[in-house]
Amino acid sequence: MESEKRKRGRPRIDADFTEPIASSRRVQLNAKYMYDGVGFISEAATEILGHELLWHSDDATHTASGKNSILEQLGRIVEQDHMGRDDCIYIANLAIDALNNGHHTREVEKAMRAIRMAYKALLADEENNAAKYNLGKAVEKLHDMGAK
């Protein structure tokens with residue numbers, strides 16, 4: 001009688017394209033969500049004004065530039081948190097406004113993460129008024145960062 005081997009550790013990531021560029025599972029996940037963010041930006045490019053600030057690819061020179069941490073948060077909002085498409089576009093536009101207003105990428109990333117965490121708390125308990133308030137405050141903070 002053979003005993004079945006137990007698998008240990010975390011499951012494999014479903015995106016095999018990240019393995020050559022990433023040394024750890026965490027780096028692979030971050031790269032996966034960054035690529036998801038790039039995909040969303042590319043798909044909704046007409047609705048996201050100034051999307052070149054977050055991601056720009058030039059086929060003629062074979063170069064690309066982007067705000068990786070913001071793209072990662074956007075990818076997590078889309079794929080992990082399953083926020084609505086219009087909400088994702090709104091958050092992306094707020095992030096671009098904040099960058100245009102002179103805020104650093106790290107500040108915008110933290111504000112987007114705060115929105116994600118408040119959204120998760122609201123999904124856990126939709127009747128919780130404090131969670132609704134916290135989500136509103138998190139979105140307002142990112143909005144204020146982009147206000148001129």
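Fair warning: this is a prediction, and the values are worked out from it, not measured in the lab. Numbering starts at 1 and runs along the sequence shown.
- Among the candidates Leu142, Leu94, Asn134, the single residue satisfying the side chain to side chain contact (heavy atoms under 4.5 Å, CB included) test with Ile115 is Leu142.
- Between Glu43 and Arg85, at least one side-chain N (NZ, or NE/NH1/NH2) sits under 4.0 Å from a carboxylate O, which counts as a salt bridge.
- Going from atom CG of Leu53 over to atom CD1 of Ile48 covers 12.0 Å, rounded to the nearest 0.5 Å.
- Residue Gln73 holds its CD atom at 4.5 Å from CZ of Arg113, rounded to the nearest 0.5 Å.
- Atom NZ of Lys110 is separated from atom CE of Met145 by 10.0 Å, given to the nearest 0.5 angstrom.
- Checking side-chain atoms of Asn68 against main-chain N and O of Met34 turns up no donor-acceptor pair under 3.5 Å.
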Output, in order, the C-alpha distance, side-chain angles, deciding distance and verdict of side chain to side chain contact (heavy atoms under 4.5 Å, CB included) for His143 and Tyr90. CA-CA 10 Å; His143 180 271; Tyr90 179 67; 3.9 Å; yes

Before you tell me yes or no, could you show the steps for Leu54 and Leu99 under side chain to side chain contact (heavy atoms under 4.5 Å, CB included), namely the whole-Å CA-CA distance, both residues' side-chain angles and the distance that decides it to 0.1 Å? CA-CA 9 Å; Leu54 294 180; Leu99 289 172; 3.8 Å; yes

Side chain to side chain contact (heavy atoms under 4.5 Å, CB included) evaluation trace for Ile91 with Met83: CA-CA 10 Å; Ile91 291 171; Met83 233 183 239; 3.6 Å; yes

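- Two residues are said to be in side-chain contact when any heavy atoms from C-beta on lie closer than 4.5 Å; Leu123 and Tyr119 meet this criterion.
- Under the 4.5 Å side-chain criterion, counting only non-hydrogen atoms from C-beta, Met112 is in contact with Ile77.
- No more than 12 heavy atoms of other residues, nucleotides or ligands sit less than 6.0 Å from atom NZ of Lys141.
- His51 contributes no side-chain N or O that, together with a main-chain N or O of Ile41, makes up a donor-acceptor pair within less than 3.5 Å.
- Between the side chain of Asn30 and the main chain of Glu72, no donor-acceptor pair closer than 3.5 Å is present.
- A donor-acceptor pair is defined here as one N or O able to donate and one able to accept, closer than 3.5 Å; such a pair exists between the side chain of Glu107 and the backbone of His104.
- Within a 6.0 Å radius of NE2 in His103, more than 12 heavy atoms belonging to other residues, nucleotides or ligands are found.
- The OH atom of Tyr35 sits 11.0 Å away from atom CG of Leu71, with the distance rounded to the nearest 0.5 Å.
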Apply side chain to side chain contact (heavy atoms under 4.5 Å, CB included) to the pair Leu74 and Tyr33, showing each step before the final yes or no. CA-CA 8 Å; Leu74 187 60; Tyr33 287 121; over 6 Å; no

